[in-house]
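Take a look at the structure set out below.
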Amino acid sequence: QNLNYNLRQNYNKSSLQYLVLKPYREELKATIKSRGIKPKLVGFLANEDPAAVKYAESTSKTCEETGVTFELRKCDKEQLEDQIVEANEDDSIHGIMIYYPVFGDRQDQYLQNVVSASKDVEGLCHKYIYNMYHNKRYLDEKQTKKCIIPCTPLAIVKVLEYIGVYNSVLPYGDRLHGRVITIINRSEIVGRPLAALLANDGGKVYSVDINNIQEFHRGTGLKLKKHEVRDTNLKIEEILPFSDVVVTGVPTPSYKVPTDLLRDGVVAINFSAFKNFNDNIKEKASIYVPAVGKVTIAMLERNLLRLYDYHNYQS
Ligand code: NAD
């Protein structure tokens, strides 16, 4: 009840995000201060996308507040690969991120793999993505090093944990059992990894893109150890009324989720730079989260500190 009260009182963009990220940011700040360390993150900006520029500015401000050294390196697309290689080899740099899209095609996937896994704060290289899709949660046999999870999907998981969509009574790894979640976006950076993460945690996930709707699930009674995917012939009108959670990331200003199709009390989360929900969403949703960018940056810093420690434990 208290939680609901707080959320309703803070029913705006920055506050809900702030409530979610606050404990992570405070822990990070305290750790950096008490250990006297100076983790360094380098961000590469090779596009003119205003959303990327805004994200870079916001990252810089947050890093300054938490004690992380952040350096933004602007460069030409064609120079980016060499610059990443140089940063991979530079021991003073602990984390590398790239503001996508750069080329906007498969070359971006190649660039994700040029970043060394030991510095990949975004969790987008093959090793981390593979582990995530295969529900492999640790990097080592002794289970001391957790895998790095892509930042935006991880931020959305943290929002869902905070607002209680994850049922903490259930065992870790099964806490979304019984939840139906629709994700409108199946990009390789956010939508598809998010669908896999939520299905691995026990949810039944409908993944919607411009072409079709897929179902990600672990079977009845969560019989499967990791999620499987099947194509469906379903239409969005058929799944929205049964979805407990609807997450949207359609990168166009004209796209709006029809509020009348949503179930009363839905949890509505938008991560697109554009508002994918109409203003009347607040009349239907129990919780509406209009953006997750700030939580994403907190996860970026959290991943950075993990990589910093993994590097130091190894040496
Ligand atoms: P993308 O272009 O790679 O993917 C867009 C996805 O939306 C695709 O799966 C596409 O099929 C789907 N789509 C497009 N139109 C649709 C429609 N009419 N119906 C159903 N599906 C449709 O984009 P992206 O990189 O995933 O980014 C999406 C948005 O999220 C952008 O606005 C971006 O700025 C934002 N973003 C936010 C964060 C954050 O807040 N942390 C992080 C990454 C991206």
Side-chain angles (χ1 to χ4, degrees), residues 13-14 16-18 20-21 24 43 45-59 61-62 97-109 111-112 121-124 129 149-160 181-197 205-216 229 231-232 234-240 243 246-258 261-262 268-278 288-303:
K13 182 171 168 175
S14 45
L16 177 61
Q17 286 202 76
Y18 185 70
V20 178
L21 67 82
Y24 296 103
L45 185 62
N47 67 33
E48 303 287 328
D49 181 357
V53 174
K54 204 171 145 211
Y55 184 32
E57 282 165 2
S58 190
T59 309
K61 192 167 161 257
T62 309
M97 65 172 300
I98 299 161
Y99 294 94
Y100 292 104
V102 176
F103 293 96
D105 57 21
R106 285 183 54 134
Q107 205 169 335
D108 284 2
Q109 262 162 286
L111 288 173
Q112 284 162 19
V121 285
E122 292 182 286
L124 292 174
I129 293 282
I149 305 282
C151 299
T152 302
L154 182 60
I156 295 167
V157 166
K158 295 299 171 192
V159 169
L160 294 175
I181 300 158
T182 291
I183 303 168
I184 311 173
N185 172 303
R186 201 185 304 132
S187 70
E188 291 301 317
I189 294 191
V190 191
R192 200 161 83 90
L194 178 64
L197 277 175
V205 180
Y206 290 114
S207 168
V208 182
D209 85 346
I210 197 104
N211 301 312
N212 72 348
I213 298 182
Q214 293 182 329
E215 187 184 307
F216 287 54
V229 184
D231 285 339
T232 77
L234 293 166
K235 297 199 168 38
I236 193 149
E237 298 78 34
E238 296 172 283
I239 56 170
L240 287 180
S243 299
V246 176
V247 182
T248 59
V250 178
T252 48
S254 57
Y255 184 86
K256 301 288 176 200
V257 176
L261 289 179
L262 297 169
I269 301 177
N270 174 63
F271 69 83
S272 169
F274 303 97
K275 275 182 164 182
N276 289 165
F277 291 101
N278 289 302
Y288 168 48
V289 184
V292 300
K294 290 187 172 72
V295 186
T296 302
I297 296 171
M299 294 304 115
L300 195 72
E301 290 188 305
R302 188 169 177 255
N303 284 349

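Every value quoted in this text rests on a predicted model; they were computed, and no experiment measured them. Counting starts at 1 for both ligands and their atoms, following the listed order.
Looking only at protein heavy atoms, the nearest one to atom 28 (C) of ligand 1 is Gly249 O, 3.3 Å. The protein non-hydrogen atom at the shortest distance from atom 8 (C) of ligand 1 is Arg186 N, 3.9 Å. The protein heavy atom nearest to atom 2 (O) of ligand 1 is Pro251 CG, 3.7 Å. Distance from atom 3 (O) of ligand 1 to its nearest protein heavy atom, with residue and atom name: Ser187 CB, 3.3 Å. Closest to atom 19 (N) of ligand 1 among all protein heavy atoms lies Tyr255 CE1, 3.8 Å. Atom 33 (C) of ligand 1 has Ala273 N, 4.2 Å as its closest protein atom, hydrogens excluded (heavy atom only). Of the protein's non-hydrogen atoms, the one nearest atom 27 (O) of ligand 1 is Asn185 ND2, 4.2 Å.
Remark: of the listed residues Gln214, Arg186, Arg192, Arg186 is the sole one forming a side-chain hydrogen bond (donor to acceptor under 3.5 Å, both in side chains) with Ser207.
A donor-acceptor pair under 3.5 Å is absent between the side-chain atoms of Asp108 and the main chain of Pro101, judged by distance alone. Side chain of Asn276 to main chain of Asn270: no donor-acceptor pair is present (N/O by atom type, distance under 3.5 Å, no hydrogens or angles). Proximity of a side-chain donor or acceptor of Thr296 to a complementary backbone N or O of Ala155 within less than 3.5 Å is not detected. Asn303 contributes no side-chain N or O that, together with a main-chain N or O of Glu122, makes up a donor-acceptor pair within less than 3.5 Å. A donor-acceptor pair under 3.5 Å is absent between the side-chain atoms of Glu215 and the main chain of Thr232, judged by distance alone.
Comparing Phe271, Tyr99, Tyr55, Phe274 against atom 36 (N) of ligand 1, the shortest heavy-atom distance belongs to Phe271. Heavy-atom proximity to atom 11 (O) of ligand 1, evaluated over Asn270, Ile210, Asn276, is greatest for Ile210.
Taken from OG1 in Thr248 to CZ in Phe271, the straight-line distance is 7.0 Å, to the nearest 0.5 Å. If you take OG1 on Thr59 and CD on Glu301, they are separated by 8.5 Å, rounding to the nearest 0.5 Å. Atom CD1 in Ile189 sits 8.5 Å away from atom OG1 in Thr152 (nearest 0.5 Å). The line from CZ of Phe216 to CD1 of Ile183 is 7.5 Å long, rounded to the nearest 0.5 Å.
Not a single heavy atom of Gly191 sits under 4.0 Å from any atom of ligand 1.
In terms of polar-atom proximity, Ile189 is not counted as a contact of ligand 1, lacking any N or O under 3.5 Å from an N or O of the ligand. Checked by distance only, ligand 1 and Thr152 come closer than 3.5 Å through their nitrogen or oxygen atoms.
At a 4.0 Å heavy-atom cut-off, ligand 1 touches Ile184 through the side chain alone. Looking at Thr296 against ligand 1, only its side chain comes within 4.0 Å, counting heavy atoms.
Contact atoms of ligand 1 toward Val250: 14 (C), 15 (N), 16 (C), 22 (C) (distance under 4.0 Å to a heavy atom of the residue). Annotation for ligand 1: atoms under 4.0 Å from non-hydrogen atoms of Val190 are 43 (C). Ligand 1 places these atoms under 4.0 Å from at least one heavy atom of Ser272: 29 (C), 30 (O), 32 (O), 35 (C). Of all atoms in ligand 1, listed by their number and element, those nearer than 4.0 Å to a heavy atom of Asp209 are 9 (O), 11 (O), 20 (C), 21 (N).
Atom NZ of Lys256 has more than 12 neighbouring heavy atoms from other residues, nucleotides or ligands inside a 6.0 Å radius.
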